[in-house]
S.K.: 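One structure follows; several queries about it will come next.
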2 protein chains.
Amino acid sequence: MVYSYKDILAELRREGYKITPQRRAIIQIMEATESHMTPLEIYSRTNSSSGISLVTIYRTLDTLEKAGLICQFNTQSGHTSYLLRRPRSHHHHLVCSVCGLVVNIGECGLEEVEERVSKDTGFKIVSHTLDMSGVCPECQKNNRQTLGRDFC
Amino acid sequence: MVYSYKDILAELRREGYKITPQRRAIIQIMEATESHMTPLEIYSRTNSSSGISLVTIYRTLDTLEKAGLICQFNTQSGHTSYLLRRPRSHHHHLVCSVCGLVVNIGECGLEEVEERVSKDTGFKIVSHTLDMSGVCPECQKNNRQTLGRDFC
DNA sequence: GTGCTTGCAAATGCTTTGCACGGCC
DNA sequence: GGCCGTGCAAAGCATTTGCAAGCAC
């Protein structure tokens, strides 16, 4: 598991990828952000300073994913986000359906659910995604209406 | 909660939408399918016979969602699928990372997890999504390699 | 120097929109 | 008959690809 910026570069090198200013910048931006980011969000943070192309961001994210350093996350709105892998990074998202605030949920305690499902279906369970949706304290206080609906 | 084709039409009417051959066809296709479907999948099942436009499928799905009769589901690959609402339709998906087979998981037993998260974050939890990924029995038998990786 | 990376431009694929015709109620 | 729904074509948007120039090693 990768711990820091330096480790990430080392891992990239180890996998045979070259270290370029663009890749450095993208990794640093992702490291400075707790939450997952879309390619466009990364682009908007990099744009003014270093003039990195959006195409490069797509390709770099692809590279980082191949190297196992980030992982993909499809948001409710259908866009693709990416998140840097960190130690103990197994976590899940809780999204406010009113204002869009995203916070992380820690341990999910789904091990016994996985075991039951595995027994029922014969699948070997490798991983899972869990996302919750609700109304954050701020929006509750302001009595804002939720846009949310039940999931299937 | 809606139970059958006839109920769906009645509900559509009740909401002020008109019943057209295209809408009938799309609803019937979705009713005949257990799993969620993308607009294109629906289109491919309807194309030859009735000559329904893909645009109409997008608009009909939008209408059905507004009427609360279907709900959206963003797949791992980033595409949008839709699923008809059925009684006891709270369920989750288990996807084989090798062959793409999708099966449903029944009850998830996440109530106590939701409660804990709610206490920790102050959110009022409205709903959640849970999807698992693994290797199905068939692919295990054939010793096929998983493409899967851990999630974040 | 070699080969991977980048940036530009253009292509692609899914989804949405404008507009006129047609069909449901 | 009024108005919503449909189909066509075209636009919109995120993402991917081809290709020549540039840079890391």
Side-chain angles (χ1 to χ4, degrees), chain A residues 5-6 8-29 36-67 69-82, chain B residues 6 8-30 36-67 69-82:
Chain A
Y5 175 67
K6 282 200 160 180
I8 294 170
L9 295 188
E11 182 65 18
L12 263 188
R13 245 187 290 262
R14 212 182 58 74
E15 295 267 335
Y17 296 107
K18 291 179 180 169
I19 310 301
T20 66
Q22 292 90 338
R23 288 179 178 170
R24 281 174 193 276
I26 291 169
I27 292 166
Q28 282 178 327
I29 288 167
H36 49 89
M37 306 173 83
T38 64
L40 270 158
E41 281 165 354
I42 297 172
Y43 182 59
S44 69
R45 300 210 191 178
T46 202
N47 198 12
S48 48
S49 53
S50 40
I52 296 176
S53 159
L54 182 56
V55 181
T56 300
I57 293 178
Y58 277 105
R59 280 193 277 222
T60 299
L61 290 172
D62 209 53
T63 300
L64 291 173
E65 204 191 358
K66 275 198 193 107
L69 296 166
I70 60 173
C71 67
Q72 235 186 330
F73 172 81
N74 290 310
T75 62
Q76 208 60 31
S77 60
H79 287 191
T80 309
S81 292
Y82 293 87
Chain B
K6 281 199 160 183
I8 294 170
L9 295 188
E11 182 66 16
L12 263 188
R13 243 188 292 264
R14 211 181 59 73
E15 295 265 337
Y17 297 107
K18 291 178 182 172
I19 310 301
T20 66
Q22 291 89 340
R23 286 179 178 171
R24 281 175 194 276
I26 292 170
I27 293 167
Q28 283 178 328
I29 287 167
M30 295 190 76
H36 50 91
M37 306 173 83
T38 64
L40 271 158
E41 282 165 353
I42 297 172
Y43 182 59
S44 69
R45 299 209 192 179
T46 201
N47 198 12
S48 47
S49 53
S50 41
I52 296 176
S53 159
L54 182 55
V55 181
T56 299
I57 293 178
Y58 277 104
R59 280 194 277 223
T60 299
L61 290 171
D62 209 53
T63 300
L64 291 173
E65 204 191 0
K66 276 198 193 109
L69 295 166
I70 60 174
C71 68
Q72 236 185 329
F73 173 80
N74 290 311
T75 62
Q76 208 61 31
S77 60
H79 287 192
T80 309
S81 292
Y82 294 88

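Here is the naming used below: chain letters follow the sequence lines, and residue numbers restart at 1 for every chain. Side chains are part of it too, since the values below use all heavy atoms of this structure and drop only hydrogens, waters and symmetry mates.
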S.K.: From the set C:dC8, C:dT5, C:dG23, return the single nucleotide nearest to any side-chain atom of B:Lys18.
M.R.: C:dG23
S.K.: Could you check whether B:Arg59 gets within reach of a base, just the sugar-phosphate, or nothing at all, counting any heavy atom under 4.0 Å?
M.R.: base
S.K.: With the side chain of A:Thr80 defined as its heavy atoms from C-beta on, choose the nearest nucleotide among D:dG7, C:dC8, D:dT15.
M.R.: D:dT15
S.K.: Between C:dG13 atom P and B:Ile57 atom CD1, what is the distance in whole Å?
M.R.: 18 Å
S.K.: Has A:Thr60 got a side-chain N or O lying under 4.0 Å from the OP1 or OP2 atom of C:dT5?
M.R.: no
S.K.: Let me know the distance between CD1 of B:Ile52 and P of D:dC8, rounded to the nearest Å.
M.R.: 12 Å
S.K.: Shortest non-hydrogen contact from B:Leu54 to B:Tyr43?
M.R.: N-CE1, 3.5 Å
S.K.: Whole-Å distance between C:dG13 C1' and A:Tyr58 OH?
M.R.: 13 Å
S.K.: Side chain of A:His79: nearest nucleotide among C:dC14, D:dA14, C:dG7?
M.R.: D:dA14
S.K.: To the nearest Å, how far apart are B:Leu54 CG and D:dA9 P?
M.R.: 14 Å
S.K.: Roughly, in whole Å, what's the span from CD1 in B:Ile19 to C1' in D:dC3?
M.R.: 16 Å
S.K.: Round to a whole Å and report the spacing from CG of A:Asp62 to P of C:dT5.
M.R.: 12 Å
S.K.: In whole Å, what is the span from the CD atom of B:Glu65 to the C1' atom of C:dT15?
M.R.: 14 Å
S.K.: Determine whether a donor-acceptor pair (N or O, by modelled atom type, separation under 3.5 Å) exists between the side chain of A:Glu65 and the backbone of A:Asp62.
M.R.: no
S.K.: Between B:Thr20 and B:Tyr82, which has a closest nucleotide on DNA chain C that is more 5'?
M.R.: B:Tyr82
S.K.: Just how far, in rounded Å, is C1' of C:dT16 from NZ of B:Lys66?
M.R.: 12 Å
S.K.: Identify which nucleotide among D:dG7, D:dC25, C:dT6 has an atom closest to any side-chain atom of B:Gln22, counting heavy atoms from C-beta outward.
M.R.: D:dG7
S.K.: Which listed nucleotide (D:dT6, C:dG23, C:dT16) is nearest to the side chain of B:Val55?
M.R.: C:dT16
S.K.: When you measure from the side chain of A:Arg23, which nucleotide among D:dA24, C:dT5, D:dT16 comes out closest?
M.R.: C:dT5
S.K.: Give me the atom names and distance for the closest heavy-atom approach of B:Met37 to B:Met30.
M.R.: SD-CA, 4.4 Å
S.K.: Could you grab the distance from atom CD1 of A:Ile19 to atom CZ of A:Arg13, nearest 0.5 Å is fine?
M.R.: 4.5 Å
S.K.: Test A:Ile42 against every option in A:Ile52, A:Ile57, A:Thr60 by the side chain to side chain contact (heavy atoms under 4.5 Å, CB included) rule and name the one that passes.
M.R.: A:Ile57
